[in-house]
There are 2 protein chains.
Amino acid sequence: MREPMTTAGAGDPPPESGPGTRPGSAAWWLAREQEPARPRRRRSLTLEAILDASMTLLDTRGAAALTMRNLAEALGCTQASLYRHVRNRDELVTLLVDRALGVASAAPPEGTDWAGKAAWSARLFRAHLLRHPGVASLLRGTERLGPNSLAGMEYALGLFVGAGLSPRLAAAAASSLATFVIGSVRFNLGLDASDSEESRHRRLLYRSRDATALPLLVRHADVLAEVGSDDEFEVGLTALLTGFRVLIEQEGGARD
Amino acid sequence: MREPMTTAGAGDPPPESGPGTRPGSAAWWLAREQEPARPRRRRSLTLEAILDASMTLLDTRGAAALTMRNLAEALGCTQASLYRHVRNRDELVTLLVDRALGVASAAPPEGTDWAGKAAWSARLFRAHLLRHPGVASLLRGTERLGPNSLAGMEYALGLFVGAGLSPRLAAAAASSLATFVIGSVRFNLGLDASDSEESRHRRLLYRSRDATALPLLVRHADVLAEVGSDDEFEVGLTALLTGFRVLIEQEGGARD
DNA sequence: ACCTGAACACCGTTCAAGT
DNA sequence: ACCTGAACACCGTTCAAGT
């Protein structure tokens, strides 16, 4: 019933690896490792060096500063040289972001159940993104199939499959959890109620709304103005994991 | 114990409405409605017209085509004229996105409980974003405090507070739900496994991984390659709502 | 075979000069 | 008081010309 594990079906046409494939697509990630890594001549400029420089540019000067010009300047080469290692800025960003995601590797504490481990990893992931807001602002989903993202996916799959979910549901759970973590960072970048000035202004804003149209917002303005991304994250994370637990109990040992 | 409903505290300093406020912040949204709407002279070009043109540009030619030049051309004015109504492109995007969010208004079917209504609204919201991918790609969180977003927030607050959550938890729940819906659209834009070519390539990609490093990914490649954003969304949505329900049961009638 | 300078076709934004 | 043309300082990307 099961296919042989590591062999691709002989009849499957390979992905068209032409330059038309979109960065981030499965075909693109596949095609990229089939290139012969051409060691024609010792290269002075390498993709690794470009990605390193991109990362420091991103961390020190923000996402807006990650331009081909700034990159070339930092590396002491011309812009055109960059296009020898990367077809696009899009490609660069896709590679860079996946690379910057190599952290979920830190092992969670032993002795906790799957939910505890998932919560721990999610918090670690979020903390990492908060420390690197430039990376967070570049996350687009195109990194989903990169090596580091796949490793994270494998880890989460292990957690959820081990807990009793079918592979299909485990994958959906893992991916919805990742979506939530990333979203809760991205959509609060630089505009969080944890900033006391922002919180104060939100109170003013809520209070001054039309109380007949937005009664709850007006009535609870003081409380609502202080609900920030930390609360959003913790409440959502707990709810998701609780929901997964209920789903597991419902499923029993069902196959899917 | 409770503050008077519509009156802002007299001692609260007003937001500094100077041009330094960042688009999307509470201070910015506040300052923007305090401007006298200057009817000095009948204006030929209005903000409304700019936003209308932006929206059609976005829907017909995509987010990349939403430039000040294209906008000016579509409106038959110069680029400089646009800056008379909008300080920034950022400002334009913030206003545009909130405006494009005026849909959660469609009333969910009667006779269902809070969770049914929340699920219905979330699916409606997602469907709207899928129909307008340009809008989805511009969502950044800066629209969070705009009039349409606040209306959506009020609606969700009503649902969750009515179900028994404290205002604080209700706000966190509402906002984490919104984050999830938006994220599940944004991070799958144009790269979904529901595309059969993409799904086929994902199968090839998963199968060809190192089976000792990524055993689950390799073993369940066929199933995993077909898990797309629809599955992610439905599983995550159900889990979130289930989690909220459990939270409500735990809280009982507690205040927060 | 490799790298470069210089250009091309765009951006967002500003401002002196017009009416 | 309002609007404009034209510029400024940037982008990503390409390519003929060098070595």
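Computed from a predicted structure; not experimentally measured. Values below: all heavy atoms of this structure, side chains included; hydrogens, waters and symmetry mates excluded. Numbered from 1 within each chain, the chains take letters A, B, ... in sequence-line order.
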(request) Not counting sequence neighbours, which residues clear side-chain contact (heavy atoms from CB on, under 4.5 Å) with A:A53? List them please. (result) A:L71, A:L75

(request) Would you please name every residue forming a side-chain contact (heavy atoms from CB on, under 4.5 Å) with A:T179, sequence neighbours left out? (result)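 Per chain and number, A:T179 pairs via side-chain contact (heavy atoms from CB on, under 4.5 Å) with A:R144, B:F180, B:S184, B:F187, B:E232.
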
Quick one: list whatever passes salt bridge (charged side-chain N to carboxylate O under 4.0 Å, His left out) with [X], sequence neighbours left out.
X      : result
B:R123 : B:E234
B:R186 : none
B:E226 : none
B:R89  : none

(request) Between protein and nucleotides 4-19 of chain D, map the contacts as a letter string: B base, S sugar-phosphate only, - none, heavy atoms under 4.0 Å, written 5' to 3'. (result) BB-----BBBBB----

(request) Return one dot-bracket line describing DNA chain D 5' to 3' (Watson-Crick or G-U wobble pairs, both distances under 3.5 Å; ( ) same strand, [ ] crossing, | another strand, . none). (result) ||.|||||...|||||.||

(message) Once side-chain hydrogen bond (donor to acceptor under 3.5 Å, both in side chains) is applied, do any residues pair with B:S137, and if so which ones, sequence neighbours excluded?
(response)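 For B:S137, no residue satisfies side-chain hydrogen bond (donor to acceptor under 3.5 Å, both in side chains) once neighbours in sequence are set aside.
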
